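A quick write-up on the structure given underneath.
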Amino acid sequence: RTLRPVAGQPDYAWVECVATSYNTSTGTFVVTLDSDNESELLIPRIGILFLSENPQKFAARLAQAHAARCEAEQFLRYNLIVDCMPTDTVDAFDPARLAELLQQSTGETEYT
């Protein structure tokens with residue numbers, strides 16, 4: 001089974017499908033939907049619940065993947081904001097103050 005969007009709604013529904021092959025270059029399964037034997041879809045492993053799988057373990061794996069994706073998006077957003085901050089109007093640190101901060105945070109005495 002795979003989760004597919006319901007037409008015209010924000011919901012998803014389980015759809016029966018058959019995995020016909022695995023594409024090693026993209027890491028996806030080639031599946032054919034039971035309702036439409038003509039269309040093939042490329043579905044990543046995280047989006048397929050095999051009949052032999054425990055549905056609770058599948059749900060936990062899906063939730064973990066979603067949480068990891070949200071964390072990665074936050075990390076990327078943060079780094080984009082930091083990288084795009086203008087620095088041309090910011091004064092440089094006084095070397096004595098920089099050495100003091102380095103000593104307090106790492107215990108090292110030299111800044112390299």
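The structure presented is a predicted model; accordingly, all values stated were derived computationally and were not measured.
- Other residues, nucleotides and ligands contribute over 12 non-hydrogen atoms within 6.0 Å of the CD atom of Glu53.
- Checked by atom type and distance alone, the side chain of Thr20 pairs as donor or acceptor with a backbone atom of Val30 at under 3.5 Å.
- Residue Leu76 belongs to no hydrophobic cluster, having no ILVMFWY side-chain heavy atom closer than 4.5 Å to its own.
- Screening residues 70-81 for salt bridge (Lys or Arg N to Asp or Glu O under 4.0 Å) gives Arg69-Glu73 as the qualifying pairs, with residues at least two apart or on separate chains.
- Arg97 contributes atom CZ, which lies 9.5 Å from atom CG of Asp94 (distance to the nearest 0.5 angstrom).
- Between Arg45 and Arg61, the closest side-chain pair of non-hydrogen atoms falls below 4.5 Å.
- In this structure, Leu80 CG and Met85 CE are separated by 10.5 Å, a value rounded to the nearest 0.5 Å.
- Contact detail for Thr26 and Thr28: the closest heavy-atom pair is OG1-OG1, 2.7 Å.
- Here the closest non-hydrogen pair linking Phe58 and Ile46 is CE1-O, 3.4 Å.
- Note that CD1 of Ile81 is 8.5 Å distant from SG of Cys84, once rounded to the nearest 0.5 Å.
- Counting Ile, Leu, Val, Met, Phe, Trp and Tyr side chains that sit under 4.5 Å apart, directly or through other members, Leu33 shares a hydrophobic cluster with Val15, Tyr22, Phe29, Val31, Leu41, Ile43, Ile48, Phe50.
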